[in-house]
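Structure first, commentary second.
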There are 2 protein chains.
Amino acid sequence: MNIKYTILGFLSWRPLTGYDLKKLFIDTIFIYWSGNNNQIYRTLVQLHHEKLVTNEVQHQENGPTRKIYTITEKGLSELRIWVQSTPELPQLRNSFLIQLAWADQLGPEELDTLLKKYEDEIHVQSLMYHEHKKRNLVNPARTKRETYLWSMISDNVIASYEHELAWIRTLRKELGE
Amino acid sequence: MNIKYTILGFLSWRPLTGYDLKKLFIDTIFIYWSGNNNQIYRTLVQLHHEKLVTNEVQHQENGPTRKIYTITEKGLSELRIWVQSTPELPQLRNSFLIQLAWADQLGPEELDTLLKKYEDEIHVQSLMYHEHKKRNLVNPARTKRETYLWSMISDNVIASYEHELAWIRTLRKELGE
DNA sequence: GTTGCCATGTAAGGTGTTACATGATTTA
DNA sequence: TAAATCATGTAACACCTTACATGGCAAC
């Protein structure tokens, strides 16, 4: 369901093609996405069916034909309603915690190898997101408040990784003692 | 996939029925689960098919028939391999962040109402998990190290909610200024 | 001439969720 | 006597992911 409102959100900003959306998804830190465009195109078809968007086919002389999607009044109002709906709790699904729960069968070195792998992964992600925020590729920045909100959203994601990093480092240190 | 290894993990502890697993799922803080037993029973059938578990039907005089599942050698070795496999990154899916990204269309009071709802939800969850840890219902506690690992796993989940709470409070405070 | 970018999609499979279904025993 | 607990499952659907498929243009 999230992908639906993410797309409506971007379209509330300006008309876009599926390909534009794909790039925005890649460049937006807080969007979880598999990396495959499949979902985007399917969701666009569905949104069109629900009359939340319209599309215009644009034949280009150099380059492939594009479908430019524009949000409708109905789409805008549905987005507005969703934005105000009761928030869901974050889904904290960390399969590493499940791995760890049954990791006492490992020897000290094996366990530390596992922990180190996780630490390194988290570290890399953390650095990546910091870079990402610095580059600040996607930002509607229509108002001061919106810029602030987007900045806080990035901070939320970055902080999650930093807390995770601190946690795994404590764990490794305390197990070493 | 996680549910598979979660079940194998619990079965590595001792033989259990689907119903036992259901209760363990409810009482275990780091397990994400929809609340419906469907997945458990389906996974048990699949595990049996893969010969990772065996089952024994037990007819009881008072009470319904139970199927007691026991992990096999093959199951134990598959669990061990999985435990040592390269950890996945946590999936941070927080649809509230997406809501917030398009929330600049709201007036100051509307926005604060939304933020307050989220704060309250997170707060309640945070308290719940604290209580949960205090009660400490599920804990294999076979070794000191295992007890420590399980404690750190709980802390990880609890800390996530606490950081989220701190973040949303900062956000509300700074927007109020 | 091969890689990367622009631009669109289909097919199939896996995972997760909601709703439904049954029936006995124990507790309030 | 109504609700909760014990104990098992089916059916259908929604959602998500992986892999496959096409084809022109630009840059190196």
Side-chain angles (χ1 to χ4, degrees), chain A residues 1-8 10-11 15-27 31-50 53 55-69 82 88-95 98 137, chain B residues 1-8 10-11 15-27 31-50 53 55-69 82 88-95 98 137:
Chain A
M1 272 300 101
N2 290 344
I3 198 168
K4 176 178 168 180
Y5 294 103
T6 309
I7 289 176
L8 283 179
F10 280 124
L11 291 177
L16 297 162
T17 66
Y19 192 74
D20 293 333
L21 284 164
K22 182 187 167 176
K23 282 186 293 178
L24 287 169
F25 275 40
I26 290 166
D27 291 336
I31 291 172
Y32 181 82
W33 180 56
S34 70
N36 193 292
N37 36 336
N38 167 302
Q39 253 186 99
I40 293 171
Y41 288 107
R42 264 195 303 148
T43 305
L44 282 170
V45 168
Q46 187 208 314
L47 289 172
H48 191 235
H49 191 76
E50 293 178 51
V53 300
N55 67 22
E56 194 197 337
V57 178
Q58 195 185 60
H59 295 281
Q60 295 175 114
E61 281 187 21
N62 347 351
T65 299
R66 308 193 304 158
K67 273 189 194 166
I68 299 164
Y69 287 89
W82 180 73
E88 284 171 44
L89 285 168
Q91 290 186 12
L92 305 174
R93 292 205 213 183
N94 189 348
S95 73
I98 300 171
L137 295 167
Chain B
M1 271 302 100
N2 290 344
I3 198 168
K4 175 178 169 181
Y5 294 103
T6 308
I7 289 176
L8 283 178
F10 280 124
L11 291 178
L16 296 162
T17 66
Y19 193 75
D20 292 334
L21 284 163
K22 183 187 167 178
K23 283 186 294 179
L24 287 168
F25 275 40
I26 290 167
D27 291 337
I31 290 173
Y32 181 83
W33 179 56
S34 70
N36 193 292
N37 35 334
N38 168 302
Q39 254 186 97
I40 294 172
Y41 288 107
R42 262 198 300 156
T43 306
L44 282 170
V45 168
Q46 187 208 315
L47 288 172
H48 190 235
H49 191 77
E50 292 177 50
V53 299
N55 67 24
E56 192 198 337
V57 179
Q58 195 187 60
H59 295 282
Q60 296 175 113
E61 280 188 25
N62 346 351
T65 300
R66 309 192 303 157
K67 274 188 194 166
I68 299 163
Y69 287 89
W82 180 74
E88 284 171 45
L89 285 167
Q91 290 185 13
L92 305 174
R93 293 204 213 183
N94 190 348
S95 73
I98 300 171
L137 294 167

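Lettering of chains follows the sequences in order, A, B, ..., and the numbering in each one begins at 1.
To the nearest angstrom, P of C/dT17 lies 11 Å from CH2 of B/Trp33. Between the C1' atom of C/dC6 and the NZ atom of A/Lys67 lies a distance of 16 Å, rounded to the nearest Å. Put simply, CG on A/Asn2 is 13 Å from P on C/dT17, counting in whole angstrom units. The distance between atom CD of A/Gln46 and atom C1' of C/dT10, rounded to the nearest whole Å, is 17 Å.
Distance check: B/Leu24 CG to B/Thr6 OG1 gives 11.0 Å after rounding to the nearest 0.5 Å. Going from atom OH of A/Tyr69 over to atom CG of A/Leu11 covers 9.5 Å, rounded to the nearest 0.5 Å. B/Ile7 contributes atom CD1, which lies 4.5 Å from atom CG of B/Leu44 (distance to the nearest 0.5 angstrom). With rounding to the nearest 0.5 angstrom, the CD atom of A/Glu56 is 10.0 Å from the CZ atom of A/Arg66.
Taking the six-membered ring where tryptophan is involved, the planes of A/Phe25 and A/Phe10 are tilted, since the angle between them lies from 30° to 60°.
The shortest side-chain heavy-atom distance between A/Gln58 and A/Thr65 does not fall under the 4.5 Å cut-off.
Among the heavy atoms of the strands, none lies under 4.0 Å from A/Lys22.
Neither side chain, B/Gln91 nor A/Arg93, offers a donor N or O lying under 3.5 Å from an acceptor on the other.
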Identify the pairs formed between an N or O of the protein and an N or O of nucleotides 1-5 of chain C at a distance under 3.5 Å, and give each distance.
none

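Against DNA chain C, the stretch residues 34-44 of chain B makes heavy-atom approaches under 4.0 Å through B/Ser34, B/Asn36, B/Asn38, B/Gln39, B/Arg42.
No option in A/Val45, A/Asn38, A/Asn37 other than A/Asn37 meets the side chain to side chain contact (heavy atoms under 4.5 Å, CB included) test with A/Tyr41.
Rounded to 10°, the helix from C/dG1-D/dC28 to C/dA28-D/dT1 has 40° between the axis fitted to its first five pairs and the one fitted to its last five.
Mapping A/Pro64 and B/Tyr69 onto DNA chain D by nearest heavy atom places B/Tyr69 at the nucleotide closer to the 5' end. Comparing B/Gln91 and B/Asp20 along DNA chain D, the residue whose closest nucleotide (by nearest heavy atom) sits nearer the 5' end is B/Asp20.
Scanning for side chain to side chain donor-acceptor pair (under 3.5 Å) contacts around B/Ser95 gives an empty result, with sequence neighbours left out. Residues that satisfy the side-chain contact (heavy atoms from CB on, under 4.5 Å) test with B/Lys4, not counting sequence neighbours, are B/Met1, B/Thr43, B/Gln46, B/Leu47, B/Glu50, B/Leu52, B/Glu78.
When all heavy atoms are compared, the tightest approach of B/Glu88 to A/Asn94 is O-OD1, 4.5 Å.
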Q.
Pair A/Ile98, B/Trp82 - check side chain to side chain contact (heavy atoms under 4.5 Å, CB included), show working.
A. CA-CA 10 Å; A/Ile98 300 171; B/Trp82 180 74; 3.8 Å; yes
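Protein chain B contacts DNA chain D from D/dT5 to D/dT17, reading 5' to 3' and using non-hydrogen atoms of the protein with a distance under 4.0 Å.
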